2 protein chains.
Amino acid sequence: MHDMQHEHHECVECPIRHRAVCSRCDAAELHKLEQIKYYRSYQAGQTVIWSGDRMDFVASVVSGIATLTQTLEDGRRQMVGLLLPSDFVGRPGRATAAYDVTATTDLVMCCFRKRPFEELMLSTPHVAQRLLEMTLDELDAAREWMLLLGRKTAREKIASLLAIIARRDATLRLRAPKGQLVFDLPLTREEMADYLGLTLETVSRQISALKRDGVIILDGKRHVTIPDLERLMEEAGDDSDGGVPE
Amino acid sequence: MHDMQHEHHECVECPIRHRAVCSRCDAAELHKLEQIKYYRSYQAGQTVIWSGDRMDFVASVVSGIATLTQTLEDGRRQMVGLLLPSDFVGRPGRATAAYDVTATTDLVMCCFRKRPFEELMLSTPHVAQRLLEMTLDELDAAREWMLLLGRKTAREKIASLLAIIARRDATLRLRAPKGQLVFDLPLTREEMADYLGLTLETVSRQISALKRDGVIILDGKRHVTIPDLERLMEEAGDDSDGGVPE
DNA sequence: TTCCTGGCTTGATCTTAATCAAAGCGTTCG
DNA sequence: CGAACGCTTTGATTAAGATCAAGCCAGGAA
């Protein structure tokens, strides 16, 4: 419809191009990307791909939320990734999925056929460089998550998760991070439990406790208000690292 | 001494070049690397760098073992990385260390000054591509680790750690992974506890239990024999994923 | 040799979160 | 409308691992 705006419009529509490519884009590259790209939609609860399945694309979340989970034979589940809009899924150079990918809300992904995408990466260095940056960010997030799983109490885990969601949500909406934060929990109690390495009963109890103590205000089961972000961060037990340097 | 062998010798000496660069090396690039590279040695127990400190290099482990740890204000510690020879440390594009890095054995690292290394990355695409691959491997390892921290029992955690060390050790020594495996634990009980999100007492008890049950044979406190790797893997509870594809 | 010291083991007890169980609430479906 | 279902809350009990507390053992120093 707006031909003159086409390229810019594509950037907004498709975060991978915005985040990984467009910052230093080039007409020939954009044209190649255009040819290997397609969209897929999933309903809430649908599985995008099972661990071990052939995966012939890489993708970026356009809207909605997806999770990566791992499962032990006896059914114990651990979430290992939470994908919000603009996050990247899939690994260049690997044929099969390493995790179950599930849509927890209605989900739209922008996919790129894997083989041509890999070829594009070889010929356009800044795509690999941008992808490296994003992967390093994910690795940092994973290590923060490891601290949570290994050493935090149930209450601290819940507070940490709420802080993480509030922060990412605020970033997505470009809200100022000061003052009251309001958002809807994008996860069920069970999904939160899988994120935190807890049972859903413990999640429910700790949420009730935080509510009772005034750390959060709950309206219904999903709508959360954080009256005091500082307070929540304290509950999360995160290292503020204002410590004494030697 | 062996001038004709110089480049190859350097590759062996310095894993980052071997793993990230040399596979597709080029004389000019090698020359640049040579100029920005230097070695540092640490004694067992020494801290390489504290979280938050300025970090003006990236590096690769040449020999010995280093750990990455995160700490909560009250002293709870969680290991988030275990670096064996050829592993990479440091993040291009970041000024300060995000974790405490500690030498758990005597350690030699091959360092590259960060600024010139970043410039080299911009001009030599395959370095960024190789680094991306390595980072994706680390991310996979981190996610496996998250499953361990969030959902495995103490016994499974110990068995998993032993399997991980046995596997990496076998890889380093280029031993055939069949039959009996023998190795020395490179970590104290406390370090194992920090790896696994347990206390050192629980680590000790579970090691004793695995010994009692014949899953491992202990000679002294550190020398371990795995009589049956299959058995150990079962104890580790890992998803063998020989499941039915749909 | 004896005495330390640091790393490790083992025991007793306590706490946290898991498990088992029941019921509440809000939607959707018949 | 009422039944049924999915998600959640809450309660009672149990179990896994943490915590507190001795001791053990090997190696190094005096």
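Order of the sequence lines sets the chain letters (A, B, ...), proteins ahead of strands, with each chain counted from 1. Values in this document were obtained by computation on a predicted structure and should not be read as measured data.
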Nearest-Å distance for atom pair [atom1]/[atom2], residues [X] and [N]:
X	N	atom1	atom2	value
A:L210	D:dT8	CG	C1'	16 Å
B:Q78	D:dA18	CD	P	12 Å
B:R189	D:dA26	CZ	C1'	14 Å
A:L149	C:dA17	CG	C1'	15 Å
A:D219	C:dC25	CG	P	16 Å
A:Q206	C:dA17	CD	C1'	9 Å
A:L200	C:dA22	CG	P	17 Å
A:L196	C:dA18	CG	C1'	15 Å

Choosing from [options], which nucleotide comes nearest the side chain of [X]?
X	options	result
B:T188	C:dC8, C:dT9, D:dA18	C:dC8
A:T153	D:dG17, D:dT10, C:dA17	C:dA17
A:T199	D:dT9, C:dT19, C:dT9	C:dT19
A:E201	C:dC20, C:dT9, D:dT9	C:dC20
B:K221	D:dG11, D:dT8, C:dC8	C:dC8
B:A154	D:dG17, D:dT19, C:dA18	D:dG17

Worksheet item: On the ring face of A:Y38, is A:R113 found with NZ or CZ under 6.0 Å from the centre and within 45° of the axis?
Response: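 No, A:R113 does not sit over the ring of A:Y38.
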
Discussion item. Within the 4.0 Å heavy-atom criterion, would you say B:G197 contacts the bases, only the backbone, or no part of the nucleic acid?
Written reply: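 It contacts sugar-phosphate atoms only.
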
Worksheet item: Counting any heavy atom closer than 4.0 Å, what does A:R155 reach on the DNA or RNA strands: base, sugar-phosphate only, or nothing?
Response: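 Nothing, no heavy atom under 4.0 Å.
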
Worksheet entry | Distance-only donor-acceptor test (3.5 Å): side chain B:R205, base C:dG11 |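 Such a pair exists between side chain and base.
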
Practice prompt. Check whether the side chain of A:E191 and the base of D:dC7 form a donor-acceptor pair under 3.5 Å.
Written response: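 Checked by distance alone, the answer is no.
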
Item to complete: Look at the side-chain N and O atoms of B:R222 and state whether any lies under 4.0 Å from the OP1 or OP2 oxygen of C:dC8.
Response: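 Yes, B:R222 has a side-chain N/O under 4.0 Å of OP1/OP2 on C:dC8.
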
Discussion item. Below the 4.0 Å mark, does D:dT9 have OP1 or OP2 next to a side-chain nitrogen or oxygen of A:S204?
Written reply: yes

Discussion item. Taking atom CZ as the centre, does B:R40 end up with more than 12 heavy-atom neighbours from other residues, nucleotides or ligands that are less than 6.0 angstrom away?
Written reply: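 Open.
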
Determine, for [X] against [Y], whether the closest basic-nitrogen to carboxylate-oxygen distance falls under 4.0 angstrom.
X	Y	answer
B:K211	B:D219	no
B:E235	B:R231	yes
B:E156	A:R76	yes

